[in-house]
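Below: the structure, in structure tokens.
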2 protein chains.
Amino acid sequence: MDKYAHGERLLVALDCIVFGFDGENLKLLLIKRKFEPEKGNWSLMGGFVERNEGLEEAANRILFELTGLRDVYFEQLQTFGDVDRDPVERTISVGLFALINIHAHDQDAARAQNAYWINLDRRPNLIFDHNKMVDLALEKLRYKAAMHPIGFELLPDKFTIPQLQKLYEEIYNEPLDRRNFSSRKILSTKLLIDTGEKNEKSATKKAILYKLDKEKYQKQFNSFHYFISPGKN
Amino acid sequence: MDKYAHGERLLVALDCIVFGFDGENLKLLLIKRKFEPEKGNWSLMGGFVERNEGLEEAANRILFELTGLRDVYFEQLQTFGDVDRDPVERTISVGLFALINIHAHDQDAARAQNAYWINLDRRPNLIFDHNKMVDLALEKLRYKAAMHPIGFELLPDKFTIPQLQKLYEEIYNEPLDRRNFSSRKILSTKLLIDTGEKNEKSATKKAILYKLDKEKYQKQFNSFHYFISPGKN
DNA sequence: CCAAAAGTGTTTTTGTTACACCCATGG
DNA sequence: CCATGGGTGTAACAAAAACACTTTTGG
């Protein structure tokens, strides 16, 4: 089985930084550990990559165990490989950045993992180098969401422009001008389709429910859209 | 040594996608393999991560072996983990994206590895999934260079605006307007310091040699600068 | 009928693009 | 003295920011 004469074999783990948005706050899906090491402390959801399992495959497996969802949006964040990052044994960890529709996930699956949605601004201290992973993931979310339409991954299938705006305000922690946000930034992308329906929950004027034009979304995914003005120096 | 009861131990490799620019063409540093597997074929420079060595440390070691340089600019590209990506043995490979000043590297070190600088537009077929790695690295170079001042990593310490422009033209494979490039895009970033010297090699009017304001460069590294207009849909 | 939230249009300001002229150098 | 490449300015255009009014709804 071991055919290369040199080279050391190491544990390879995946750790998932899972973001959600409940309409009010940005949240992280975190595990209250029921097992050693660090039992009782908070951590990211993770798992080891098996020998007969590709990295993508392992990512999908672990995200499914956690959320009960098969089509989670994720991408690699970074691979973490400090010698002492896991005090139990040398482990290389591939950090995964995942965005999910918080309303679609399987609550029982999450409960089975002892996972909870925690507001980002109340996140607890995490084990190992998981704090660093979350910091980096948040940076990446802010970076990507400014120019790529990834925010939609966090919303229900049908959503309103004000909901989308609230999401962006949460991501960047700053208020956005409704008039500029709505007409120019969002509708000019032509990514949204008016469903004809209205948000019946609203107590005041009911907002139009849009859905994503998935075909255009796929095509334009790597193009630039200025949802947010680029950072200041 | 193995303290986790479950989890498989796998080989972890690093593969380096090293870009250089000779003033005319974008180049890749590739290895003509003197060893099995795939002896005689072209590949990226790589190596295994040792048990007592952090990922960064391993990256620096391998880049040093290849280039003789200690302070190479690199970042993680992506980690590749398909089950069959290495036919010899299951290996997870962390792809590294590196930019070097082609004139500063140690030619003897490169020769010892049987490494050659190959023009990007003449790159040979590479072993394993290395073609995919290069494709992704090129995409990343184009993506990042459009907004972040990473191009400087490919140039000598002192360089002229026309040299910088040539570099960007090579990266994007399209001509840029000299007048717009020079004054507005580049000098407006205030990242360049006029050294007072001129490029004596030029046969015509000698261009001003600039150097990077390293302090500002560090500070502004993550800010946005529109070196190139964002992609078209 | 009014408070609260949603929808839309216009002006100002800023940045990008397109384009033309002058300067320095070596042969 | 002229061909080649380097340096700079300006007008036209496009995009972003700032800003104000009207509409819908439930209570």
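Lettering of chains follows the sequences in order, A, B, ..., and the numbering in each one begins at 1. If you're wondering where the values come from, they're calculated on a predicted model, not measured in any experiment.
For Ala203(B) and Pro162(A), each mapped to the nucleotide of DNA chain C holding its nearest heavy atom, the one lying further toward the 5' end belongs to Pro162(A). Annotation: of the two residues near DNA chain D, Thr204(A) and Thr160(B), the 5′-most nearest-nucleotide partner is Thr160(B).
The base of dG7(D) sits within donor-acceptor range of the side chain of Arg178(B), with an N or O pair under 3.5 Å. Side-chain atoms of Arg179(B) and base atoms of dA18(C) include no donor and acceptor less than 3.5 Å apart. One donor-acceptor pair, N or O on each side, does fall under 3.5 Å between the base of dT23(D) and the side chain of Lys205(A).
One atom, CD1 of Ile208(A), and another, C1' of dA5(C), lie 13 Å apart when rounded to the nearest Å. Between the P atom of dG7(D) and the CG atom of Leu192(B) lies a distance of 12 Å, rounded to the nearest Å. Distance CD (Glu200(A)) to C1' (dG26(D)): 12 Å, rounded to an integer number of Å. When the P atom of dT24(D) is taken as reference, atom NZ of Lys206(A) falls 13 Å away, rounded to whole Å. Following rounding to the nearest Å, Ile161(B) (CD1) and dC23(C) (P) show an atom-to-atom distance of 21 Å. One interatomic measurement links the two molecules: CG of Asp177(B) to P of dT8(D), which rounds to 15 Å at whole-angstrom precision. Remark: C1' of dG7(D) and CG of Leu164(B) are 15 Å apart, rounded to the nearest angstrom. Distance Phe159(A) CZ to dA6(C) C1': 16 Å, rounded to the nearest Å.
Looking only at atom types and distance, the side chain of Glu170(A) has no donor-acceptor partner in the side chain of Tyr172(A) under 3.5 Å away. Lys27(A) and Asn119(A) form a side-chain donor-acceptor contact under 3.5 Å, judged by distance and modelled atom types alone. In the model, Asn199(B) has no side-chain atom that pairs as donor or acceptor with a side-chain atom of Thr160(B) under 3.5 Å.
Proximity of Lys185(B) to the phosphate of dT17(C): a side-chain N or O atom is located under 4.0 Å from OP1 or OP2.
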Test Leu164(A) against Phe152(A) for side chain to side chain contact (heavy atoms under 4.5 Å, CB included), laying out the working first. CA-CA 8 Å; Leu164(A) 187 64; Phe152(A) 303 116; 3.8 Å; yes
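Taking the six-membered ring where the residue is Trp, Phe221(A) and Tyr217(A) present perpendicular rings, their angle passing 60° and hence far from 30°.
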